[in-house]
Novice: 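This is the structure I want to talk about, given as C-alpha cells.
First the proteins, then the strands, lettered A, B, ... as listed; each starts at 1.
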There are 2 protein chains.
Amino acid sequence: MHESGVEGAYGSGRMSRQRLLIARVAASMPGAFTIDALCSAVRENDGSTGVATVYRAVAVLLTEGWLERVGERDGHALLARCPVGPRHHHHVVCDECGRVEATECPVVEAPGHATSASFVITRHEVTLYGLCPQCAAEASAEGVR
Amino acid sequence: MHESGVEGAYGSGRMSRQRLLIARVAASMPGAFTIDALCSAVRENDGSTGVATVYRAVAVLLTEGWLERVGERDGHALLARCPVGPRHHHHVVCDECGRVEATECPVVEAPGHATSASFVITRHEVTLYGLCPQCAAEASAEGVR
DNA sequence: GTGTATGCAAACTGTTTGCATGGAC
DNA sequence: GTCCATGCAAACAGTTTGCATACAC
C-alpha cells in the first residue's frame, strides 16, 4: 500500500513518529470517526502519545485539508479522510458503522426557490445519513429473522 | 401581539416567570442565536435567572419542537423559533445578521445518484448560508462605495 | 544548532447535576 | 398540599495552553 498519501499530510510541518502514527490510524479508520475515537485508537497503539498531540495533529490535518469534518453525531464532530479532495462535494454517513462516502451535490440551485429566493446563497452544508450496503443488508436480514 | 404562542411552549410543563421570560426573549430574537446569546439576553433582562434554568428551559423547548436547531457557527449550535412547524423543511441562515428563514427542501431524491446509490438514505441535514435581502443590499452598497 | 513537536498537567469553556428552597397548579 | 422548577455551586467532559524537554531537519 502506498501509505495513503500520509507523507504530505502535515504540509510543511515536521513529520514525527506520533504524527505518522496519527495519520496512519486516521487513514485506517473504516469511516467517519470522532476525535476521541481517534485518540483511543492512537493510544491503544502507543499509550505514550498525549491527547494534546492528537488534537494538535488533527488541527493541522484539517487546515491542510487532509482530514475533513463530514458531519456530527451527538454533538461531536465526525471526521474523515476524504479522497475526493477540494472539489465541491458532500458526504453520506452510515448511521450504523460510520462508513463515509463522498456524493455529488444533491442541492438544486433553483433560482426561484420559495422563501430563499430573496436570500443570496453563498454556501450550503449537506450531509446525508442512512445505511451503507453492508449494514442495510444486515438490517433487512434482522427484519426477516 | 399574540405572545407568539408562548403559552404552549413548554408542553405540559409548568409556566414560571423565568420560563415565560426565556420564551419571550427567544421569540424576540431577530434570527438564529446561540444558547449563550440567549443566556445573556435573558440575564440582561433579569440577572437573577441562572444559566442552568436557561439550559433546562431550552432543552424543553427543543423537545417540544418550539425551538429548533437550525445550523451551527464556530462549533456552537444555532437555535431559532421556527414558524413552519414539524413539516419537512430546512433553513437559510444569514451569515451577517443571523436571520433565519425556512426553505423548501432543495435535495433531489434522485434514486440513481452516483456514489450514494448503494446507500439507503434515511434522512439528511441541509443548511443554506448566505445573505438576507437587507444585508445583501448593504453589502452591495459597501462594494460600490 | 535551531526551532518545531511533544508530554504532562493545569487552565479553561460550555454544559450538566445535586440539593435545598420557592412557587405553580 | 404536592410536585415541579429554580438558583447556586460543584462536578463534569472536551479542548486548549504553558512550559520544559526531545527530536526533526
Novice: Kindly calculate the angle separating the two end axes of the helix from C/dG1-D/dC25 to C/dC25-D/dG1, each obtained from five base pairs, and round it to 10 degrees.
Specialist: 40°
Novice: Report the residues that fulfil side chain to side chain contact (heavy atoms under 4.5 Å, CB included) with B/P133, sequence neighbours left out, ordered by chain and then residue number.
Specialist: A/S118, A/F119
Novice: Near DNA chain C, under 4.0 Å by heavy atom, which residues of residues 45-58 of chain A?
Specialist: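 Heavy-atom contacts with DNA chain C come from A/S48, A/T49, A/G50, A/A52, A/T53, A/R56.
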Novice: Taking only residues two or more places apart in sequence or in another chain, which ones pass side chain to side chain contact (heavy atoms under 4.5 Å, CB included) with A/A77?
Specialist: A/R69
Novice: Among A/N45, A/V54, A/V6, which one satisfies side-chain contact (heavy atoms from CB on, under 4.5 Å) with A/I22?
Specialist: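 One option only clears the test, and that one is A/V54.
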Novice: Just the rounded figure in Å: distance from C1' of C/dA5 to OH of A/Y10.
Specialist: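 Atom-to-atom, A/Y10 to C/dA5, this comes out as 11 Å.
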Novice: Could you list, one pair per line, each protein nitrogen or oxygen that sits under 3.5 Å from a nitrogen or oxygen of nucleotides 21-25 of chain C, together with the distance?
Specialist:
residue, atom, partner, partner atom, Å
C/dG23, N2, B/R14, NH1, 2.8
C/dA24, O3', B/M15, O, 3.3
C/dA24, N3, B/R14, NH1, 3.3
C/dC25, OP1, B/M15, N, 3.2

Novice: With side chain to side chain donor-acceptor pair (under 3.5 Å) as the rule and sequence neighbours excluded, what pairs involving residues 49-62 of chain B come up?
Specialist: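 Of all non-adjacent pairs touching residues 49-62 of chain B, those that pass side chain to side chain donor-acceptor pair (under 3.5 Å) are B/D46-B/T49.
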Novice: Taking only residues two or more places apart in sequence, or in another chain, which ones meet A/A136 in a side chain to side chain contact (heavy atoms under 4.5 Å, CB included)?
Specialist: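 Side chain to side chain contact (heavy atoms under 4.5 Å, CB included) list for A/A136, sorted by chain: A/L131, B/V120.
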Novice: Specify the separation, in whole Å, of atom CG of B/D36 and atom C1' of C/dT16.
Specialist: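 B/D36 atom CG is separated from C/dT16 atom C1' by 16 Å.
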Novice: First and last nucleotide of DNA chain D in contact with chain A, 5' to 3', at under 4.0 Å to a heavy atom: what are they?
Specialist: D/dG14 to D/dC25
Novice: Do B/L20 and B/L79 belong to the same hydrophobic cluster, where Ile, Leu, Val, Met, Phe, Trp and Tyr are linked whenever their side-chain heavy atoms lie under 4.5 Å apart, directly or via other members?
Specialist: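 B/L20 and B/L79: one cluster.
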Novice: Using the test side chain to side chain donor-acceptor pair (under 3.5 Å), find all partners of A/H90 that sit at least two apart in sequence or belong to another chain.
Specialist: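 Residues passing side chain to side chain donor-acceptor pair (under 3.5 Å) with A/H90: A/H88, A/H124.
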Novice: Residues in salt bridge (charged side-chain N to carboxylate O under 4.0 Å, His left out) with A/E125, at least two apart?
Specialist: A/R123
Novice: Got a sec, which residues hit side chain to side chain contact (heavy atoms under 4.5 Å, CB included) with B/E138, two or more places apart in sequence or on another chain?
Specialist: none
